[in-house]
Student: 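Please find one structure pasted underneath; my questions will follow.
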Number of protein chains: 2
Amino acid sequence: MLRTGSDAASLIMEVVPLVMSYIRTEMRNQRLPGLSIPQFRSLIYLYRHEDASLSQVAEHLGLQLPTTSKTIDALVTRKLVIRSEYPEDRRRISLKLSATGLEELKRSRHITEARLIEKMNILTAEQQSGIAISLATLRTLFVDLNKSKNNDKITGGSDG
Amino acid sequence: MLRTGSDAASLIMEVVPLVMSYIRTEMRNQRLPGLSIPQFRSLIYLYRHEDASLSQVAEHLGLQLPTTSKTIDALVTRKLVIRSEYPEDRRRISLKLSATGLEELKRSRHITEARLIEKMNILTAEQQSGIAISLATLRTLFVDLNKSKNNDKITGGSDG
DNA sequence: TATTGTTATACTCTATAACTATA
DNA sequence: TATAGTTATAGAGTATAACAATA
């Protein structure tokens, strides 16, 4: 069977919201207040990028600045993120994970991922591998959503 | 490189929200009021399942009944969906796409998919094919979210 | 009693517009 | 003028609880 970009696009439209719905429900069902998905994603970004600015977080998340500001604000209130000044450019803020934030990130990630891993293990090793590779490829396509369009072939994902 | 269910799960947590964010923005940026994602998904379901009940739609979408009720209500108000009685069981309602709903579904799908297809076409044919296969596999894992856990190996996707 | 669906209520996510402070 | 971020406001998406109608 020949599959084209159109098939892949159609499946993205169908499957991504489906899986998203699952993730959202899982995260909400954790005990302790838990993290929302944007909160969770923000923490992951800050885990990887020390001293990020709000704009950087917003761009990575594909959200507007006010939306991101509120999201981060909630995390600061919960003491999961530390917001401090950035002397080199006093318009900017500097964001980083607190020790508590790191713990919460690990805890939350572990619980939700555990359920996903169960599901993945229903699949064969080849299927799991194919999914990992495909998702890494998609990540390269969709990171930095607001950036320019690159027309070269992409060679799969790195990072981790 | 060996990839496990844990790699796949981790990538799902990272990439699915990323792509979701892209889809949401694209759908919102269409001219004419356009469809929200749950509305869009509801129409797709009704396109495939004539005379569905509200519960069936809710289960497919992985949403609670009141949430789904409101979503459908908006579609009925916009005359994209026809809600009628179901004489065999008068507690139920019968939902189906109107002619307008079908048109709107096609239009909305076409616009958003066109952007996705552009992105897919940055990739090689093999990458596109791998993504399509992986997503079809994921679909089989996540459809009917509230159903029992099946422990057999799954053989990829059918349907379309 | 159990099931199907709606209404009431509240909270989160998201956006745009208007604003402040800094460059 | 331009950029970084916040505040104000509004709308959509989601949930739980309480309810009505039917089985």
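Naming: A, B, ... by sequence-line order, numbering from 1 per chain.
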Student: Which residue lies toward the 5' end of DNA chain D, B/Leu65 or B/Glu88, if each is placed at its nearest nucleotide?
Tutor: B/Leu65
Student: Would you indicate which nucleotide in C/dT4, D/dG13, D/dT16 comes nearest to any side-chain atom of B/Gln64?
Tutor: D/dT16
Student: Are A/Arg92 and D/dT6 close enough that a side-chain N or O sits under 4.0 Å from OP1 or OP2?
Tutor: no
Student: Write down the distance between CD (A/Glu59) and P (D/dG5), rounded to a whole number of angstrom.
Tutor: 12 Å
Student: With a 3.5 Å distance limit and no angle check, can you tell me whether B/Ser10 reaches the backbone of B/Ser6 through a side-chain donor-acceptor pair?
Tutor: no
Student: Within this structure, what is the CE-to-P distance between B/Met27 and D/dA12, rounded to whole angstrom?
Tutor: 14 Å
Student: Measure from the side-chain heavy atoms of B/Arg90 and tell me the nearest of C/dT22, D/dA23, D/dG13.
Tutor: D/dA23
Student: Could you work out which one of D/dT6, C/dT22, C/dT6 sits closest to the side chain of A/Arg83?
Tutor: D/dT6
Student: Return the value, rounded to whole Å, for the distance between atom CG of A/Leu63 and atom C1' of C/dT16.
Tutor: 14 Å
Student: Round to a whole Å and report the spacing from CD1 of B/Ile37 to P of C/dT14.
Tutor: 10 Å
Student: With a 3.5 Å cut-off and no angle check, do the side chains of B/Asp7 and A/Gln128 form a donor-acceptor pair?
Tutor: no
Student: Mind calculating the distance between CD1 (B/Ile72) and C1' (D/dG13) to the nearest angstrom?
Tutor: 14 Å
Student: Remember a base hit wins even if backbone is also touched, and classify B/Ser53 as base, sugar-phosphate or nothing at under 4.0 Å, heavy atoms.
Tutor: sugar-phosphate
Student: Under 4.0 Å, heavy atoms only, any strand: does A/Asp89 hit a base, just the sugar-phosphate, or nothing?
Tutor: sugar-phosphate
Student: Does A/Thr67 contact C/dA15 through a side-chain donor or acceptor facing the base, at a distance under 3.5 Å?
Tutor: yes
Student: Are B/Glu104 and B/Arg107 within salt-bridge range, i.e. N to O under 4.0 Å?
Tutor: yes
Student: Kindly say if A/Ser36 contacts the phosphate of C/dC13, meaning a side-chain N or O under 4.0 Å from OP1 or OP2.
Tutor: yes
Student: To the nearest angstrom, how far is B/Arg91 atom CZ from D/dC19 atom C1'?
Tutor: 16 Å
Student: Applying the side chain to side chain contact (heavy atoms under 4.5 Å, CB included) test to A/Gln39, which of A/Ile72, A/Thr71, A/Val81 qualifies?
Tutor: A/Thr71
Student: Mark yes or no for whether B/Ser98, through its side chain, and B/Leu80, through its backbone, hold a donor-acceptor pair below 3.5 Å.
Tutor: yes
Student: Could you work out which one of D/dG13, C/dA15, C/dA17 sits closest to the side chain of A/Pro66?
Tutor: C/dA17
Student: So for A/Lys70 and C/dT12, does any side-chain atom that can act as donor or acceptor lie under 3.5 Å from a complementary atom in the base?
Tutor: no
Student: Measure from CG on A/Leu95 to P on D/dA4 and round the result to the nearest Å.
Tutor: 14 Å
Student: It should be established whether A/Ser69 places a side-chain nitrogen or oxygen under 4.0 Å from OP1 or OP2 of nucleotide D/dT7.
Tutor: no
Student: Over how many whole Å does the gap from B/Glu85 atom CD to C/dG5 atom P extend?
Tutor: 12 Å
Student: Output yes when at least one side-chain N/O atom of B/Thr71 is less than 4.0 Å from OP1 or OP2 of D/dG13, else no.
Tutor: no
Student: Does A/Glu59 reach the main-chain N or O of A/Gln56 with its side chain, forming a donor-acceptor pair under 3.5 Å?
Tutor: no
Student: Side chain of A/Arg24: nearest nucleotide among D/dT14, C/dG5, D/dG5?
Tutor: D/dT14
Student: Is there a side-chain contact between A/Thr68 and the phosphate of D/dG5, meaning an N or O under 4.0 Å from OP1 or OP2?
Tutor: no
